[in-house]
Trainee: 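Supplied in structure tokens, the structure appears directly below.
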Protein chains: 2
Amino acid sequence: MNQDKAVMALAALAQDTRLSVFRLLIKAGPDGMIAGALADAMAVPPSTMSHHLAKLEQAGLVLSWRTSRLIHYAADYAGVQALLTFLMADCCQGDPRACADLLSAIVCDRVGVGACS
Amino acid sequence: MNQDKAVMALAALAQDTRLSVFRLLIKAGPDGMIAGALADAMAVPPSTMSHHLAKLEQAGLVLSWRTSRLIHYAADYAGVQALLTFLMADCCQGDPRACADLLSAIVCDRVGVGACS
DNA sequence: ATGATATTTTCATGTTTATGGAAATATGCG
DNA sequence: CGCATATTTCCATAAACATGAAAATATCAT
């Protein structure tokens, strides 16, 4: 991850339809969803959805694969991890005055990670 | 945090100068930096920096306070936390197939949080 | 092959965004 | 008060972005 790629990823998420698609795919898990189903879910024409998905994929936030005529899209968890790590890099210069609380709070919103007090 | 505010926050970060300022403030810690010093650091005119800082502040990512003629800006850690939590909400529907690894990896890049294997 | 389905690419249009000079506002100093 | 410093607000302009119809591509079924 570098600055330019981070800007691309953030720009990809900084749009209502694309953020909704991304969050839907985060929820959906590794099996992802079909392009057409995403267009239906967001109530946009297929060409519009295709533009959005291309932008998310170019940004490294989703990945896609084809099975016969259907194209699957899923969240790219490694890409998300790289982005979030980049955003918080060198937080407070290693002094976890604010950062430790911040990050453990995010983790503690999920189940089964085990960093919580 | 809601969808609209998340889009605002992501849009605020999706620009080269603003992302650099944000990361600089994340590094700087709670004491923050002076507006003029940020303009100097980024080599942009004060009016341009003022636009950028206003957008970051409106997005809930930085906060500001005045001491005499100087205006301080600092990262708003609570705002960042709200954004990151929103992005990862309901990841994999609670089944931490991918999410637990993702989030603990972010935490383990820092020191002293203690969720790491 | 032909036709049907799923998706992308091309292209045009209107909207939003980034930039920075100039003027305005706020504060401190003598 | 009058001047200097720090920052913001106003304004105009150029560049980037979102949208979706139409045409193109890919795959499958008969």
Side-chain angles (χ1 to χ4, degrees), chain A residues 3-25 28 31-76, chain B residues 3-25 28 31-76:
Chain A
Q3 174 90 4
D4 287 352
K5 290 176 77 177
V7 168
M8 279 184 65
L10 292 161
L13 294 174
Q15 200 277 340
D16 192 61
T17 303
R18 286 195 301 264
L19 181 56
S20 294
V21 166
F22 174 78
R23 300 213 305 139
L24 196 50
L25 292 177
D31 294 341
M33 291 176 65
I34 304 301
L38 290 167
D40 290 348
M42 298 298 140
V44 297
S47 77
T48 299
M49 181 54 65
S50 182
H51 291 307
H52 287 316
L53 291 170
K55 188 149 190 169
L56 284 167
E57 183 162 32
Q58 228 195 322
L61 294 167
V62 308
L63 32 82
S64 69
W65 64 95
R66 177 187 285 269
T67 65
S68 88
R69 272 178 298 190
L70 306 177
I71 302 195
H72 300 250
Y73 283 88
D76 182 340
Chain B
Q3 175 88 5
D4 288 352
K5 289 176 80 177
V7 169
M8 280 183 65
L10 291 161
L13 294 174
Q15 201 276 340
D16 193 61
T17 303
R18 286 195 300 265
L19 180 56
S20 294
V21 166
F22 174 78
R23 299 213 307 138
L24 195 51
L25 291 177
D31 294 341
M33 291 176 65
I34 303 301
L38 290 166
D40 291 347
M42 298 297 140
V44 296
S47 78
T48 300
M49 181 54 66
S50 181
H51 291 307
H52 287 317
L53 291 170
K55 189 149 189 168
L56 284 166
E57 183 162 31
Q58 229 197 322
L61 294 167
V62 308
L63 33 81
S64 69
W65 64 95
R66 178 187 284 271
T67 65
S68 86
R69 271 179 298 189
L70 306 177
I71 302 194
H72 300 250
Y73 283 89
D76 182 341

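In what follows, every chain begins at residue 1, and chains take the letters A, B, ... in the order their sequences are listed. Scope of the values below: all heavy atoms of this structure, side chains included, with no hydrogens, waters or symmetry mates.
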Trainee: Report the distance from atom CD1 of Ile71(A) to atom C1' of dT9(C), rounded to the nearest whole Å.
Mentor: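 Distance, rounded to whole Å: 12 Å.
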Trainee: Backbone N or O of Ala12(B) within a donor-acceptor pair of the Arg18(B) side chain at under 3.5 Å?
Mentor: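 Flag set: sc Arg18(B) to bb Ala12(B) pair under 3.5 Å.
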Trainee: Leu53(B) has an atom CG; how far is it from atom P of dT8(D), in whole Å?
Mentor: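 My rounded result for the distance is 6 Å.
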Trainee: Which is true for Ser50(B) with a 4.0 Å heavy-atom rule: it touches a base, it touches only sugar-phosphate, or it touches nothing?
Mentor: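 Base contact.
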Trainee: Would you indicate, yes or no, if dT19(D) has its OP1 or OP2 atom less than 4.0 angstrom from a side-chain nitrogen or oxygen of Gln15(A)?
Mentor: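 Answer yes for this pair, as a side-chain N or O of Gln15(A) is under 4.0 Å from OP1 or OP2.
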Trainee: Given atom CD of Glu57(B) and atom C1' of dT7(D), what is their separation to the nearest angstrom?
Mentor: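 It works out to 13 Å between those atoms.
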Trainee: Please give, in whole Å, the distance from dT25(D) C1' to Leu70(A) CG?
Mentor: 16 Å
Trainee: Closest nucleotide of DNA chain D for Ala14(A) versus for Thr67(A): which of these residues is on the 5' side?
Mentor: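 Nearer the 5' end of the strand: Ala14(A).
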Trainee: Using whole Å, what does the distance between atom P of nucleotide dT8(C) and atom NE2 of His52(A) come to?
Mentor: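 Rounded to the whole Å, the gap is 13 Å.
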Trainee: Supply the atom-to-atom distance Leu10(B) CG to Gln15(A) CD, rounded to the nearest 0.5 angstrom.
Mentor: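 One gets 11.5 Å once the value is rounded to the nearest 0.5 Å.
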Trainee: Please report the interatomic distance CG(Leu25(B)) to CG(Leu38(B)), rounded to the nearest 0.5 Å.
Mentor: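 Here the rounded value is 5.5 Å.
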Trainee: Is a donor from one side chain sitting under 3.5 angstrom from an acceptor on the other, for His72(B) and Thr67(B)?
Mentor: yes
Trainee: Please report the distance, rounded to the nearest Å, between CZ in Arg66(A) and C1' in dC28(D).
Mentor: 11 Å
Trainee: Which nucleotide, dG28(C), dT19(D), dG21(C), lies nearest any side-chain atom of Pro45(B)?
Mentor: dG21(C)
Trainee: Is His51(A) touching bases, backbone alone, or none of the nucleic acid, heavy atoms closer than 4.0 Å?
Mentor: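 Result for His51(A) = base.
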Trainee: Grab the CD-P distance between Gln58(B) and dT8(D) for me, whole Å please.
Mentor: 13 Å
Trainee: Nearest of dC17(D), dT27(D), dG28(C) to any side-chain atom of Ser68(B)?
Mentor: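 Between dC17(D), dT27(D), dG28(C), the one nearest the side chain of Ser68(B) would be dG28(C).
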Trainee: Any base atoms under 4.0 Å from Ser47(A), or only sugar-phosphate, or nothing? Heavy atoms, all strands.
Mentor: base
Trainee: Let me know, please, whether Lys55(A) or His72(B) comes out on the 5' side of the other along DNA chain D by nearest nucleotide.
Mentor: His72(B)
Trainee: State which of dT7(D), dT5(C), dT8(C) makes the closest approach to the side chain of Arg69(A).
Mentor: dT5(C)
Trainee: Taking all non-hydrogen atoms of both residues into account, name the closest pair between Ser20(B) and Met42(B) and its distance.
Mentor: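 Smallest interatomic distance, heavy atoms only, reads CB-SD, 3.6 Å.
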Trainee: Describe the nucleic acid contact of Ile34(A) in one word from base, sugar-phosphate, nothing, applying a heavy-atom distance below 4.0 Å.
Mentor: sugar-phosphate
Trainee: Can you see if the side chain of Tyr73(B) gets near the phosphate of dT8(D) - specifically, an N or O under 4.0 Å from OP1 or OP2?
Mentor: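 Affirmative; the distance criterion is met.
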Trainee: Round to a whole Å and report the spacing from CG of Leu56(B) to P of dT8(D).
Mentor: 12 Å
Trainee: Measure from the side chain of Thr48(A), starting at C-beta and using heavy atoms only, and say which of dA6(C), dA18(C), dG20(D) lies closest.
Mentor: dG20(D)
